[in-house]
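Step one of this worksheet: look at the structure below.
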Number of protein chains: 2
Amino acid sequence: MSKPLVRRVTRADIAREAGTSVAVVSYVINNGPRPVAPATRERVLAAIKKTGYRPNGIARALASGTTRTYGLVVPNIANPFISSMAHALQQEAFADGRVLLLGDAGDDRERERELVNNLLHRQVDGLIYTSVDRHPWIEMIQASGTPLVMLDRVAPELQVSAIQVNEQRAAWQATRHLIEHGYREIAIICGPLEMLNTQDRISGWRQALEEAGLTPDPAWIFATDYTRQGGYDAAQRMLAGALPRALFATNEQQAFGCLRALAGHGLSVPDDLALVCFNGTVESAFNVPSLTAVRQPVISMARKAIEMLKQWDGEPERCEFDFELEIGESCGCRPVAHARKSN
Amino acid sequence: MSKPLVRRVTRADIAREAGTSVAVVSYVINNGPRPVAPATRERVLAAIKKTGYRPNGIARALASGTTRTYGLVVPNIANPFISSMAHALQQEAFADGRVLLLGDAGDDRERERELVNNLLHRQVDGLIYTSVDRHPWIEMIQASGTPLVMLDRVAPELQVSAIQVNEQRAAWQATRHLIEHGYREIAIICGPLEMLNTQDRISGWRQALEEAGLTPDPAWIFATDYTRQGGYDAAQRMLAGALPRALFATNEQQAFGCLRALAGHGLSVPDDLALVCFNGTVESAFNVPSLTAVRQPVISMARKAIEMLKQWDGEPERCEFDFELEIGESCGCRPVAHARKSN
DNA sequence: ATGAAAGCGCTAACAA
DNA sequence: TTGTTAGCGCTTTCAT
């Protein structure tokens, strides 16, 4: 047992100082469950102020069985869409009187397992979880009895609560939008093929093309990481072949990487290539050109996720949210803000 | 005391199952502090596997006095520079066998206080902290005896450990770079004037100009929020007056907001206006045009921060890191990747 | 090598 | 209204 440099003030010190019992000190701190005489309360409060006492949250958690903490595990906090979601969740958790213990898996499956494990050990009151890949550690969590909400595409047969937008439909609509512009050669830059959400997004793209009587050419599927560099690399591959007229990038970072590659080849968006992307954030709106992007209702989703943890009864609940296609300049709907004065 | 839906397996269950005492179970789990006979160890491990037992981290923390947790409080996790720092810190903390409890203040001073408070209550083993403003809650933390490292500009007279780059010098160098390009009318878009780091950055800008025999025109200081919208607004104000030839934006998001505003006026970077910014991330590198930016050595700083918490002895230590000026296209050093094919 | 037992600081049931 | 005390699940000392 490591001795702290300075012994901390405990509840017993306050009781002694205020000339009362430890129970009364608790009652004052917690505003219950028993009433306390005003005079006594004053003495206790005075003692607390005098000593600078702060209740030990750990001991409290042990005795009460609640940590007033939720856990959040994300694949990579450096992804702006994810950090905006984390931000919203934190706000909502806070409104619920708890803090979020945020774990960043750094796109590593093993790290993710460690984090989930760690949070479970810490007896969080609930866990919100987006997995790095399609093999989420759900069983481990369920075995612990901890309330769980997946913020992810999860195999339908799993008995687990989950919140998501219908990504297949969102991808369909994004592609559909490009088709309505009259573009017929529409490529897709997507994530790793084994991921469920990649598959959903490809499937939406494919369906939109087929419904329009177009043939989804497998050569126009460019799988890569969900990163800027990934988008850049995929675009380079694309540029080595026949150029499509339009492109659906399945996340915002890929879209930015792609834009960079296109610029390197002297191609402009949307004139040479129209672009729509998935999971846009404020970054899409401020980019030049601004990106037409599928937007998820991050705040509502965060609210619902916390709500589900709060109301937890062990029954799995799936909740689907509507998305929105935010129109920018990259698809050709609007004139692009000119980056050059004349010529 | 809230009853869990399923009673959790405890160490006593394991002891019973393995036909031994609770102490031995601890010895097995912790690999000490006492040796355990191989046969006994096997029985214990078998019982653990059979029951799916996991030690209660809360109880462990209470008994051992260490939570194996560090706290991190940041002003806004949606800022890419900050999230990259958080990411690096998480990696380092993990390597140290701990998790980071990440609190996002959402740019709110009161929220920040609550978070700091909360983390202290949770008896974190150390706190890393960047404040929303110039009034960090340092006293509160020091009163608790919790190891603290500020990742921030802190008033020199405060007895507190801190890590930072010399922002004044970095701003000087960024401005100096613009001057070396031959630009003489150099404006600055900065953060709120009352913030210390804003003052440092302005001061570096001012010094570089003066050393070059130029006059820092107060009308060319555009104070705003450290956000994209802030940068956009500031640029709009700037565009309403006489246009400078170059601009120093004091963070990356402001730079992006500014680029958007410039594009709206048909101005190009660096041809019409050269640009350098502060705290660039991978986003700067991939932007079109790529941004010349001051880069902080995020990973080394994270490592040092964790190191300082680990080695904590109560003695305040200040540590200054070197920065780097990453050359991109926005300052005019390099030809810009063409965003248009011809004309 | 193992077991018994005293905490860690708190909550809350029970008694007064 | 207040005090007493049995846990919460674990670590670790001290006996054995």
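Just so we're on the same page: letters track the sequence lines, and every chain starts at 1.
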Expected list for residues 138-149 of chain B: side-chain donor-acceptor pairs under 3.5 angstrom, two or more places apart:
unit_1  : atom_1 : unit_2  : atom_2 : d
Q142(B) : NE2    : Q159(B) : O      : 2.8
S144(B) : OG     : I141(B) : O      : 2.7
S144(B) : OG     : T146(B) : N      : 3.2
S144(B) : OG     : T146(B) : OG1    : 2.7

Subject >> Whole-Å gap separating P (dC10(D)) and CD1 (I48(B)) >> reply: 10 Å
Original post:
Which listed nucleotide (dC8(D), dC10(D), dT2(D)) is nearest to the side chain of A63(A)?
Top reply: dC8(D)
**OP:** Rounded to the nearest angstrom, tell me the gap between atom CZ in R54(A) and atom P in dC10(C).
**Re:** 12 Å
Original post:
Is the closest basic N to carboxylate O distance between E92(A) and K310(A) below 4.0 Å?
Top reply: no
Original post:
Hey, is R113(A) close enough to E110(A) for a salt bridge, meaning N to O under 4.0 Å?
Top reply: yes
Subject >> Spacing of L62(B) atom CG relative to dC8(C) atom C1', expressed in whole Å >> reply: 4 Å
**OP:** Please figure out whether P35(A) or I58(B) has its closest DNA chain D nucleotide nearer the 5' end.
**Re:** P35(A)
Subject >> Protein-nucleotide distance (Q123(B), atom CD; dC8(C), atom P), rounded to Å >> reply: 14 Å
**OP:** Decide whether D96(B) and Y70(B) meet the rule of one side-chain donor and one side-chain acceptor closer than 3.5 Å.
**Re:** yes
Subject >> 5'-most by nearest nucleotide on DNA chain C - P38(B) or A59(B) >> reply: P38(B)
Original post:
N56(B) CG to dC10(C) C1': how many Å, rounded?
Top reply: 14 Å
Original post:
Do E167(A) and R153(A) meet the salt-bridge criterion of a basic N to acidic O distance under 4.0 Å?
Top reply: no
Original post:
In whole Å, what is the span from the CG atom of N31(B) to the P atom of dA1(C)?
Top reply: 14 Å
Contacts under 3.5 Å, N or O only, protein and nucleotides 3-5 of chain D:
unit_1 : atom_1 : unit_2 : atom_2 : d
dG3(D) : OP2    : T20(A) : OG1    : 2.3
dG3(D) : OP2    : S21(A) : N      : 2.8
dG3(D) : OP2    : S21(A) : OG     : 3.2
dG3(D) : O6     : Y27(A) : OH     : 3.1

Original post:
Once you round it to whole Å, what is the distance between C1' of dG9(C) and NE2 of H121(B)?
Top reply: 14 Å
**OP:** Consider only side-chain N and O atoms of R68(B) and N118(A), and report whether a donor and an acceptor are under 3.5 Å apart.
**Re:** no
**OP:** Among dT2(D), dG9(C), dC10(D), find the nucleotide with the atom closest to the side chain of A37(A).
**Re:** dT2(D)
Original post:
Taking atom types as modelled and ignoring hydrogens, do the side chains of R60(A) and N56(A) form a donor-acceptor contact shorter than 3.5 angstrom?
Top reply: no
**OP:** Could you state the atom-to-atom distance from CD1 of I29(B) to P of dC10(D) in whole Å?
**Re:** 7 Å
